[in-house]
Amino acid sequence: MTTPHPALRLSDEVRGALASGRPVVALESTIISHGMPYPQNVEMALEVEGIIRDGGATPATIAVLDGVPRIGLDRDELETLASHPDVAKVSLRDLPHVIARKGHGATTVASTMRLAALAGIPVFVTGGLGGVHRGGETSFDISADVTELATSNVAVVSAGVKSILDIGLTLEALETAGVPVVAFGTDEYPSFYSRESGHRAPMRVDTVEGLAEMMRAKWDLGLAGGISVVNPVPAEDEIPADEIGGLIEQALAECDERGIHGKDITPFLLGRIVELSGGRSLETNIALVRNNARLGAALAVAYQRLT
Ligand code: PSU
Ligand code: MN
């Protein structure tokens, strides 16, 4: 077992699970504080922790509270993240600032990956990844999720990249960074709300054992960085690409008109798409996180068996 970094505060449950070699699944908190409205966000967070337990693993939601990087939260702490007005969106570059000012921070995929790696947790479940924004070739708006996937040894289960981003450029950036992008049980790269994206997945694996073998193969060779496991939203919950596409275009246009930029883009777009879809996109978002939690728990169990 990797000894968790001393600057982290682990819950007793997570510390015990890691010390005795039981499977643990990391969860991010930006999805709670900035990805969904209250109270659906805290209901989702609690439900997902339950799914991971039912799957035989220990959930470890990650965030910064009062300047302390925390691994494993209780119900009241999840409620704080879901409803407190001053929870910063914290990507990798924001960690030193929120820690030094002793603030609350909701961690993105990038910063959650880094903290999970420092805690010794190799599997992490989320909804959607950040990537290269449309126009990223000139704006340089490329999420630190991409560079972190090249750095931290964590497998990240998501439902792919939304078409609010440029999916083709994101796949290219991940290839350059040496990040395996592997679709679970499909040839098509999924695009979060939709099972299809018009892009072929670079790799396909059909079993959790196969995914666990990839993790072991990568890290046994000393290849630094993560694996992006993409899991399509269940067919009954998806919003087909041609239906969500128009709403995404409209939300992007409004984003431009209002001059929203940088880290505020993704939360604005997610919120607008919920409004424009009359709440349907939120149901899809919750359904795909549940689905990812089931896969992530199974993957953590399978990987633990190999180690
Ligand atoms: N996509 C979602 N919900 C989210 C995010 C992305 O559907 O909550 C969050 C994740 O935490 C992701 C972050 O890591 O947005 C990316 O933000 P940025 O592009 O500013 O790096
Ligand atoms: Mn950005």
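Both counts, for ligands and for their atoms, begin at 1 and track the order of listing.
Glu47 pairs in a salt bridge (charged side-chain N to carboxylate O under 4.0 Å, His left out) with only one of the listed residues (Arg294, Arg290, Arg53), which is Arg290.
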Would you tabulate the side-chain donor-acceptor contacts of residues 79-87 under 3.5 Å, counting partners in other chains and residues two or more places apart, or write 'none'?
residue, atom, partner, partner atom, Å
Glu79, OE2, Tyr38, OH, 2.4
Thr80, OG1, Asp76, O, 3.0
Ser83, OG, Glu79, O, 2.7
His84, ND1, Asp86, N, 2.9

What side-chain donor-acceptor pairs closer than 3.5 Å can you find for residues 244-254, not counting sequence neighbours?
residue, atom, partner, partner atom, Å
Glu249, OE2, Arg134, NH1, 3.0
Gln250, NE2, Glu254, OE2, 3.3
Glu254, OE1, Arg272, NE, 2.5
Glu254, OE1, Arg272, NH2, 3.2
Glu254, OE2, Arg272, NH2, 3.1

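Ionic pairing of Arg204 and Asp206 is present here: one or more N-O contacts between side-chain nitrogen and carboxylate oxygen are shorter than 4.0 angstrom.
Under the 4.5 Å side-chain criterion, counting only non-hydrogen atoms from C-beta, Leu288 is not in contact with Asp237.
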For ligand 1, what N or O to protein N or O distances fall under 3.5 Å?
residue, atom, partner, partner atom, Å
ligand 1, 1 (N), Lys162, NZ, 2.9
ligand 1, 7 (O), Lys162, NZ, 2.9
ligand 1, 11 (O), Glu28, OE1, 2.7
ligand 1, 11 (O), Glu28, OE2, 3.4
ligand 1, 14 (O), Val109, N, 2.8
ligand 1, 14 (O), Asp145, OD1, 3.2
ligand 1, 14 (O), Asp145, OD2, 2.7
ligand 1, 17 (O), Lys89, NZ, 3.1
ligand 1, 20 (O), Lys89, NZ, 2.8
ligand 1, 21 (O), Ser143, OG, 2.7

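Residues Ser191 and Glu196 have side chains that never bring a donor and an acceptor to within less than 3.5 angstrom of each other. In summary, the side chains of Arg93 and Ser91 do not present any donor paired with an acceptor at a separation below 3.5 Å, with no hydrogens or angles considered. Side chains of Thr107 and Thr112: a donor on one and an acceptor on the other come within 3.5 Å.
In the displayed structure, Arg305 atom CZ is contacted under 6.0 Å by at most 12 heavy atoms of other residues, nucleotides or ligands.
Around the Mn ion (ligand 2), the protein contributes the following N, O or S atoms under 2.8 Å, ordered by chain and number: Asp141 OD1.
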